[in-house]
Amino acid sequence: MDDLALEQEYVTMLYDHVDELRERLAARQARALARVAGEAAGTRQALVERDAAVHLYAGRLTQLNAAENALCFGRLDLETGTRPRYVGRIGLHRDDTHDQGQGDAPADDEPLLIDWRAPVARPFYLATAMQRDGVIRRRHIRTVGRRVVQLNDENLTGGHSSEPGSITSESALLTALDAARTGRMTDIVETVQAEQDRIIRSGLAGILVVQGGPGTGKTAVALHRAAYLLYHHREQLERRGVLIIGPNTTFLRYIAEVLPALGETGVMLATTGDLFPGVSPTLTEPGAVTALKGQLLMKDVVAGAVTDRQWVPEDDDEVVAVRHDGQLLRLDRQACLDLRERVRGARLLHNEARPLVHRLVVEALTTLWAQAVGTDPLGGENLLGPEDLAMVRGELEENDDVDGVVDWLWPALTPTRLVRELLASPKRIRAAAARVGLTQAEQDLLLRTGNAWSEADVPLLDEAAEILGRDDSTARRLADELQTANLAYAQGVLDLLRGSESGDFEDEESEILAAFDLVDAEALLDRQEEIDHRTAAERAATDRTWRFGHIVVDEAQEVSPMAWRMLMRRSRSMTIVGDVAQTGDPAGASSWRQALGPHVGDRWRLEELSVNYRMPQPVARVAASVLRALAPDLPVPEPVRPDGPHPWSLWAADVPAALAAAVAGELRTLDRGRRLAVVTAPGRSSTIFGVLARSLPEPVALGEDPDDDRPARVVVLEPRETKGLEFDAVVVAEPDLVLAASPRGLGDLYVAITRATQRLGVVHAADLPECLRGLRSVGSPA
């Protein structure tokens, strides 16, 4: 029997084992669903135990289903002569009766398949001829479905040298890199390289920054690191959750299948604009507005907006009045100022200070009432005793006019109300900005009307929520109203059952007990209380104050200082990946020290990815030329793919028409199923899309649809829409307009060029920028 047949036999055995395990778990799940019976029937403890078991089995079944594709992808033959180690997406054991299947089997349980994240699997990614780590041979097993189709062997005892950290598993790696792009990112678990593995397996604590140029695999590293951390810190991270932050919904859709394919589904994917529950940003604002709102000085603007709402009369003649028991009680400006200073001195959050405001207002009004009613005409002590004052104080506490005064002096504010009213009022902006000295032009930038929110508003809302705190009185009132409604509903159910009782026993006492004989409405409501089995990520999505076990931030160079402030509230355990050369957002960072220093100082560590896996060498040379013009101090990643078609340039007076012909030619060159992106300057995409849509036989899309499972073969994008994405071919239209469209235009051009995995072209009417002069010209002016 040859090696392919032997490996097929072993892989078939693994799949049979998975099928058997699925059946066993499904049966246990079914038994758990039916387990609540006998004396424990319907009790809360029985329901909790049942639902916990069902949840456990469902999670393991999800993991087994996710590992269906490429269940086993590697084998290590060891110099100790022990049986080979097979490496795959999950761990499997011969006596796999435990429920987790993640390395927690009994010590003497023989492993059939080792999870790629387990320590004993690490030589699969690190072993070289120079540092074999006990490995004689590494075998890559390629499967299609459940069929083994190819084996790639590396003999590590052949005597040839290999530098530590060099490319391992080159054949398997190049096969993966040459695969067609589908519009969805796939995992790289079979081809993780040594420098990537080191970062993936770094410790959980603290902030890890991964700097990597285009094509270095930083996004894949970040996602595999999330899967690795979940494997090794399961209890902690499943309880607190893992948050993945991306630059936009298109990017999140692009990466959405990676973690589920690795067996991890309880992860929250979001943009920074998704982090304030109940707010969905739909407004696009000019870059100058985005840049201003992203600055850290906006925290002081928001704080100023809160203090501005802590009102006092503006002049000495203005008073706040309450009528009580025939007396008009007036709080003058000085009394209100004194009250405000006392409350501020307590250093409570705004909404949480309202009970103190109420108490001080009542005290002040009680004093005024005592002076008006109890003053001794003969000049003696006040005629009212403590009991009289306590009675008056109690009456004032129930006086609705007092509540109105509190609302006037110290209103209950929600973050959305505060920020919306701030941005809609020149007067409020001027008052809030006084402490930071915003110019009139900057104040004008902040002014807007309407109810829509932008992504840059979300950190402002989050800041407002931190300063305002909760209005507990409102929260208690809403909770009481909900409890009252639920009790009324439960009582209605019991009344309905009572009304539907059989009339057979009208003349004699029934011996059959009904629900209303056993429980009242409150007990029924308690028995029906919903048990929350949402994942930590699902609960976190509705809780602004949730602190995650770990956060992964991708394209992190785009995050504004105010957004970093928001993220730091949610966790100080982070993996931050990005490339400061690709910063395109006006509020983005030009260095990691600039981005993180205001929040954590130097308390972060840096790792760099040095190998370019995406671009063939000819495309990588063009990218390097642009990078040298953009950021000459940054290292140029070394391309691992040595050859490929030479990038080209086409001059044309009519760029859209020439672009249509050029794209048609590229599509004829590309294999069927490979994708092409046309990247053009902001404001030009609609025009170019219209020409291509009329001219090409292939479907053309304007922008990537995050909900499209079958994306168009040709897509027209602006540079910032391509962040984090990759395409088999890229054609850049009018690079001079890309450069002119933004102060960060050279960075946008760099992003556009580096999306290509196979072919690159440029169509232009103006002269090429100096950094693109090395392109092979296929057309020029007559």
Side-chain angles (χ1 to χ4, degrees), residues 245-253 269-306 413-426 428-429 432-433 436 438 441-468 541 544 553-567 569-570 583-589 595 682-683 685 703-704 706 717-721 723-724 741-744 748:
I245 292 290
N248 51 57
T249 55
T250 300
F251 176 84
L252 294 178
R253 177 71 173 184
L269 274 65
T271 68
T272 56
D274 298 326
L275 295 185
F276 197 89
V279 169
S280 298
T282 58
L283 180 65
T284 300
E285 294 181 305
V289 178
T290 299
L292 177 58
K293 288 183 176 179
Q295 293 181 33
L296 278 179
L297 59 82
M298 289 301 298
K299 68 182 175 61
D300 295 321
V301 173
V302 174
V306 174
L413 294 169
T414 65
T416 51
R417 176 187 169 189
L418 176 80
V419 176
R420 179 176 287 121
E421 293 179 357
L422 167 67
L423 299 180
S425 168
R428 293 195 189 282
I429 292 174
V436 296
L438 289 185
E442 289 172 324
Q443 294 179 38
D444 293 342
L445 285 175
L446 293 177
L447 184 63
R448 73 149 189 257
T449 57
N451 293 324
W453 297 106
S454 72
E455 189 162 347
D457 291 328
V458 171
L460 307 186
L461 293 168
D462 197 71
E463 187 73 23
E466 287 291 307
I467 298 172
L468 291 172
R544 190 200 66 83
V553 186
D554 206 341
E555 299 293 340
Q557 73 279 354
E558 307 296 343
V559 178
S560 73
M562 282 299 292
W564 278 121
R565 186 172 168 86
M566 176 175 64
L567 289 173
R569 294 189 184 108
R570 284 156 173 79
T583 303
D585 193 282
S685 56
E704 286 276 68
L717 298 165
E718 296 178 1
R720 293 178 195 175
E721 294 176 315
K723 283 289 180 71
S742 162
R744 298 183 186 267
D748 289 343

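Counting only residues at least two apart or in different chains, salt bridge (charged side-chain N to carboxylate O under 4.0 Å, His left out) contacts with residues 273-283 are absent.
Not a single donor-acceptor pair under 3.5 Å links the side chain of R720 to the backbone N or O of D748. Of the possible donor and acceptor atoms, none in the side chain of R448 sits under 3.5 Å from a partner among the backbone N and O of R420. Side chain of R565 to main chain of E463: no donor-acceptor pair is present (N/O by atom type, distance under 3.5 Å, no hydrogens or angles). Judged by distance alone, with hydrogens and angles left aside, the side-chain atoms of Q443 form no donor-acceptor pair with the main-chain N or O of I429 at under 3.5 Å. Not a single donor-acceptor pair under 3.5 Å links the side chain of S454 to the backbone N or O of L283. In this structure, the side chain of E558 engages the main chain of G584 through a donor-acceptor pair within 3.5 Å.
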Derivation of the side chain to side chain contact (heavy atoms under 4.5 Å, CB included) call for T272 and V458:
CA-CA 7 Å; T272 56; V458 171; 6.0 Å; no
List the steps and the verdict of salt bridge (Lys or Arg N to Asp or Glu O under 4.0 Å) for K293 and E285.
CA-CA 10 Å; K293 288 183 176 179; E285 294 181 305; 2.9 Å; yes
Carefully, step by step, assess L461 and T416 under the rule side chain to side chain contact (heavy atoms under 4.5 Å, CB included).
CA-CA 6 Å; L461 293 168; T416 51; 4.1 Å; yes
Run the numbers on L275 and R570 for side chain to side chain contact (heavy atoms under 4.5 Å, CB included), then give the verdict.
CA-CA 10 Å; L275 295 185; R570 284 156 173 79; 4.2 Å; yes
Evaluate L438 against L297 for side chain to side chain contact (heavy atoms under 4.5 Å, CB included), listing each step before the verdict.
CA-CA 9 Å; L438 289 185; L297 59 82; 3.7 Å; yes
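Here the closest non-hydrogen pair linking A432 and L422 is CB-CD1, 3.8 Å. A464 and V419 get closest at one heavy-atom pair: CB-CG2, 4.1 Å. Looking at every heavy atom in both residues, A595 comes nearest to A589 through CB-CB, 3.7 Å. The two atoms that bring A465 and F276 nearest to each other are CB-CE1, 4.1 Å, heavy atoms only. The two residues W564 and A556 have their closest heavy-atom pair at CZ2-O, 3.6 Å. Smallest separation of non-hydrogen atoms from A291 and P586: CB-CB, 3.7 Å.
Of the inter-residue distances, the one linking I245 atom CD1 with D554 atom CG reads 10.5 Å to the nearest 0.5 angstrom. Atoms CG and OG, from L292 and S560 in turn, are 11.0 Å apart once rounded to the nearest 0.5 Å. Atom CG in L445 sits 10.0 Å away from atom OG1 in T290 (nearest 0.5 Å).
Residues passing the side-chain contact (heavy atoms from CB on, under 4.5 Å) test with P459 are M562, A563, M566, sequence neighbours excluded.
Counting only heavy atoms from C-beta outward, the side chains of L468 and T414 never approach each other to under 4.5 Å. Counting heavy atoms from C-beta on, the side chains of D457 and L423 come closer than 4.5 Å. By the 4.5 Å heavy-atom criterion applied to side chains, K723 and Q557 are counted as neighbours.
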